[in-house]
Amino acid sequence: MKRHHRVLPLVAALALLGACASSAHQDGPAVSSADKGSADKGKDKPVYAGLDPADDKNPFPSTYHPLPSVATALVGATVFTGTGARIDGGTVVLMDGKIAAVGKDIPVPAGAKVIDAHGKYVTPGIIDAHSHLGVYATPSVWANSDGNEMTDPNTAQVWAEHSVWPQDPGFIRALEGGITTLEILPGSANLFGGRAVILKNVPGRTVQDKKFPGAPYGLKMACGENPKRVYGSKGRTPATRMGNVFGYRKAWIDAQEYRRKWDDYRRKLADYKAGKGDKAPDAPKRDLQMDTLAGVLDGSILVQNHCYRADEMAQMIDISHEFGFHIAMFHHGSEAYKIADILKKEDICVATWGEWWGFKMEAYDGIEENAALLQKAGVCTVIHSDDDILTQHLVQEATIALAAGRRMGIQIDEAEAIKWVTANPAKSIGVLDKTGTLETGKMGDVVLWSADPFSVYATADQVFIDGALVYDRHDPAVQPKSDFELGQTGPAHPGPQGVGPGRPVLTTSTEQPR
């Protein structure tokens with residue numbers, strides 16, 4: 001009976017998500033651009049849905065809907081806003097799923113639920129810009145290993161969301177560590193690994209139920225050891241770093257040619273619709289791989305580039321100049337400190353760790369001071385996880401980097417360092433206009449910490465997503481459970497928040513090339 005009581009909130013949440021889900025598709029078959037042109041000319045032509053990439057750039061629309069929320073005021077906390085400000089004795093007001101007010105001596109709206117946060121800390125929801133939850137789901141078994149399509153150096157045509165298992169218990173573990181938003185990436189075996197997807201960390205029956213509305217896609221790329229090892233071991237290109245660069249350049253040339261064909265077709269179609277010519281042009285054949293690369297070239301898809309060495313980052317920047325696209329972020333970036341001035345000039349973010357280094361040659365020059373040196377140089381600095389355990393401790397990982405910088409004389413305030421796991425990852429994945437800071441009108445993604453979040457003793461006491469309380473450390477009724485875990489018994493999971501009995505130990509996946 002008690003176990004059923006603890007499950008009810010999740011079941012109710014899932015039912016609500018299903019009831020509130022809405023689709024972006026309109027009723028009736030899709031009509032291609034060419035067919036629309038024919039209709040304008042009054043000519044009959046069969047409908048071939050899905051053949052023009054411009055007709056529907058969002059074939060798998062988000063069905064996310066915020067959970068029910070009540071007006072809430074967190075009063076008396078130390079507030080890190082994510083904008084660089086610190087407010088002692090501050091108040092954060094959540095209304096209608098949004099940040100309604102932030103500051104000191106702010107009046108509490110009538111009827112709002114008041115949470116006494118004296119002695120505690122409030123931050124924006126923590127964002128992990130490099131996660132494989134769902135695509136390398138726990139338990140770590142072959143059946144759940146869906147992050148690397150290791151069949152060709154270029155798999156830009158695959159989308160991580162088609163591998164995400166919404167029931168992955170790792171999502172809940174991350175929630176217990178304050179994670180409210182995640183970018184889920186394919187693995188790094190390939191030169192082009194496929195599309196990344198951004199998720200809100202809420203329960204969902206489908207990946208679309210978790211999909212961050214309006215967030216852009218990312219393209220996972222990888223340079224260095226992984227692609228050359230994976231494909232060189234198969235006796236095919238790339239087997240060297242020069243083979244890697246050839247593969248990038250060839251793919252971008254093909255993508256530019258693909259764009260040229262579609263641009264030429266659309267010009268001819270416009271002429272036809274204007275009465276110039278008696279025959280509508282034939283559209284080029286659609287190519288899903290090229291659709292993704294063309295999306296990068298037109299700026300709608302953000303490049304998320306796995307790259308460790310400084311020299312290779314510089315080469316990737318040269319390639320981006322050659323073909324006219326921008327790299328949003330280098331991931332891992334162990335040697336980013338060596339070219340901090342270049343990264344600042346290019347406005348490229350860098351996601352790195354606090355202390356991971358030396359686990360392979362291209363990580364050998366990784367240093368704990370990396371993030372601090374980047375911050376000092378004015379680079380958009382991000383702390384990421386790339387791991388289902390580390391994501392539960394992301395602020396503590398930032399603390400390691402912060403402390404390392406201070407030891408070498410780089411004094412960075414905690415109110416600035418919190419940006420490494422809030423505002424900066426939001427910028428790098430394209431959602432800073434919606435979340436990542438505690439500013440009026442943004443999503444009500446908020447974490448109430450038991451103590452200074454940069455302390456190893458701090459725990460996420462309460463987590464709000466779009467103003468809804470989705471996790472409460474002290475209330476079992478607000479501690480969601482994955483369907484996979486229902487009814488299971490076993491030793492307590494050794495996670496970050498000291499979770500209670502009845503949760504089986506779930507091991508981390510080690511199958512993706514790191």
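The structure displayed is predicted, hence computed values, not measured ones.
Lys210 places a side-chain N or O within donor-acceptor distance of the main-chain N or O of Val202, the cut-off being under 3.5 Å. Not one N or O on the side chain of Tyr265 forms a donor-acceptor pair closer than 3.5 Å with the backbone of Asp282. Using a distance-only test at 3.5 Å, with no hydrogens or angles considered, no donor-acceptor pair links the side chain of Glu176 to the main chain of Gln392. A side-chain donor-acceptor contact under 3.5 Å links Thr292 to the backbone of Ala156. Listed for the Ser320 side chain is a donor-acceptor partner under 3.5 Å among the backbone atoms of Ile317. Using a distance-only test at 3.5 Å, with no hydrogens or angles considered, a donor-acceptor pair links the side chain of Ser62 to the main chain of Lys211. Panel note: side chain His130, backbone Ala351; no donor-acceptor pair is recorded below 3.5 Å. Using modelled atom types, one side-chain atom of Asn424 and one backbone atom of Thr381 make a donor-acceptor pair closer than 3.5 Å. The main-chain N or O of Val158 is never found under 3.5 Å from a side-chain atom of Thr155 such that the two would form a donor-acceptor pair. Side-chain N or O atoms of Lys220 include none that pairs as donor or acceptor with a backbone N or O of Ile184 at under 3.5 Å.
When only modelled atom types and interatomic distance are considered, Asp168 and Thr138 share a side-chain donor-acceptor pair under 3.5 Å. Between Asp298 and Ser300, the side chains place a donor N or O and an acceptor N or O closer than 3.5 Å (distance only, hydrogens not considered). The closest side-chain donor-acceptor pair between Glu368 and Trp357, if any, does not fall under 3.5 angstrom. Side chains of Glu335 and Tyr364: a donor-acceptor N/O pair is absent below 3.5 angstrom, by distance only. Asn154 and Gln289 form a side-chain donor-acceptor contact under 3.5 Å, judged by distance and modelled atom types alone. A side-chain N or O of Asn148 and one of Tyr136 form a donor-acceptor pair less than 3.5 Å apart. Side-chain N/O atoms of Asp466 and Tyr64 include a donor and acceptor closer than 3.5 Å.
Distance CG/Asn190 to OG1/Thr151: 7.0 Å, rounded to 0.5 Å. Ile383 CD1 to Lys419 NZ: the interatomic distance, rounded to the nearest 0.5 Å, is 14.5 Å. The CG atom of Leu394 lies 6.0 Å from the OG atom of Ser385; values are rounded to the nearest 0.5 Å. Rounded to the nearest 0.5 Å, atoms CD1 (Ile339) and CD (Glu346) are 9.5 Å apart. Annotation: the span from Ile127 atom CD1 to Thr181 atom OG1 amounts to 5.0 Å, rounded to 0.5 Å. Going from atom CD of Glu161 over to atom CD1 of Ile198 covers 11.0 Å, rounded to the nearest 0.5 Å.
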Run the numbers on Asp264 and Arg267 for salt bridge (charged side-chain N to carboxylate O under 4.0 Å, His left out), then give the verdict.
CA-CA 5 Å; Asp264 184 58; Arg267 281 193 296 271; 3.8 Å; yes

In sequence, state the C-alpha distance, the side-chain angles, and the governing distance for Asp347 and Lys427, and then conclude on side-chain contact (heavy atoms from CB on, under 4.5 Å).
CA-CA 11 Å; Asp347 191 26; Lys427 173 186 174 181; 3.0 Å; yes

CA sep, side-chain torsions, deciding dist, call: Gln157, Met290, side-chain contact (heavy atoms from CB on, under 4.5 Å):
CA-CA 7 Å; Gln157 68 272 19; Met290 292 296 107; over 6 Å; no

Asp152 vs Tyr231, test: side chain to side chain donor-acceptor pair (under 3.5 Å). Steps then yes/no.
CA-CA 8 Å; Asp152 191 85; Tyr231 292 97; over 6 Å; no

Tell me, with the steps shown, if Glu485 and Arg173 meet salt bridge (charged side-chain N to carboxylate O under 4.0 Å, His left out).
CA-CA 12 Å; Glu485 296 179 290; Arg173 304 293 187 265; 2.8 Å; yes

Let's go through Lys442 and Thr437 carefully: what are the C-alpha distance in whole Å and the side-chain angles of both, what is the deciding distance for side-chain contact (heavy atoms from CB on, under 4.5 Å) to 0.1 Å, and is it a yes or a no?
CA-CA 8 Å; Lys442 287 195 173 182; Thr437 63; 2.8 Å; yes

Evaluate the side-chain contact (heavy atoms from CB on, under 4.5 Å) criterion for residues Val296 and Met221: first the C-alpha distance (whole Å), next the side-chain angles of each, then the deciding distance (0.1 Å), finally the verdict.
CA-CA 12 Å; Val296 170; Met221 294 182 63; over 6 Å; no

Worked check of salt bridge (charged side-chain N to carboxylate O under 4.0 Å, His left out) between Asp254 and Lys250
CA-CA 6 Å; Asp254 291 345; Lys250 181 181 185 304; 3.1 Å; yes

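Between Trp356 and His332, the distance separating the two ring centers is not shorter than 6.0 angstrom. Ring centroids of Phe192 and Trp252 are separated by less than 6.0 Å, placing the two rings close together. A ring-centre distance under 6.0 Å is found for His306 and Tyr308.
Residues passing the side chain to side chain donor-acceptor pair (under 3.5 Å) test with Gln304, sequence neighbours excluded: His331. The salt bridge (Lys or Arg N to Asp or Glu O under 4.0 Å) test applied to Asp146 returns no partner, not counting sequence neighbours.
By the 4.5 Å heavy-atom criterion applied to side chains, Pro139 and Phe484 are counted as neighbours. Between Glu355 and Glu397, the closest side-chain pair of non-hydrogen atoms falls below 4.5 Å. Counting only heavy atoms from C-beta outward, the side chains of Ile465 and Asn201 approach each other to under 4.5 Å. Here the side chains of Phe171 and Ile179 are not in contact, with every heavy-atom distance at 4.5 Å or above. A 4.5 Å side-chain heavy-atom check between Pro59 and Trp159 finds at least one atom pair inside the cut-off. Residues Leu219 and Leu302 are not in side-chain contact: their nearest non-hydrogen atoms beyond the backbone lie 4.5 Å or more apart. Side-chain contact check for Leu297 versus Gln256: some heavy-atom pair is nearer than 4.5 Å. Here the side chains of Tyr337 and Glu369 are not in contact, with every heavy-atom distance at 4.5 Å or above.
A salt bridge links Glu362 with Arg241; the closest basic N to acidic carboxylate O contact falls under 4.0 Å.
Within a 6.0 Å radius of NZ in Lys376, other residues, nucleotides and ligands contribute 12 heavy atoms or fewer. Arg249 CZ: 12 or fewer foreign heavy atoms inside a 6.0 Å radius. For Phe246, the CZ atom is loosely surrounded, since the number of other residues' heavy atoms within 6.0 Å does not exceed 12.
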Anything under 3.5 Å between a donor and an acceptor, one on a side chain of residues 428-435, the other on a protein residue two or more places apart or in another chain? List them.
unit_1: Ser428; atom_1: OG; unit_2: Pro425; atom_2: O; d: 2.9
unit_1: Thr435; atom_1: OG1; unit_2: Asp445; atom_2: OD2; d: 3.1

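Screening Lys285, Arg286, Lys57 for a salt bridge (Lys or Arg N to Asp or Glu O under 4.0 Å) with Asp291, the sole residue that qualifies is Arg286. For the side-chain hydrogen bond (donor to acceptor under 3.5 Å, both in side chains) test with Ser188, the passing option among Asp386, Asn305, Asn226 is Asn226; the others fail.
Cation-pi geometry between Lys200 and Phe212 is met: under 6.0 angstrom from the ring centre, within 45 degrees of the axis.
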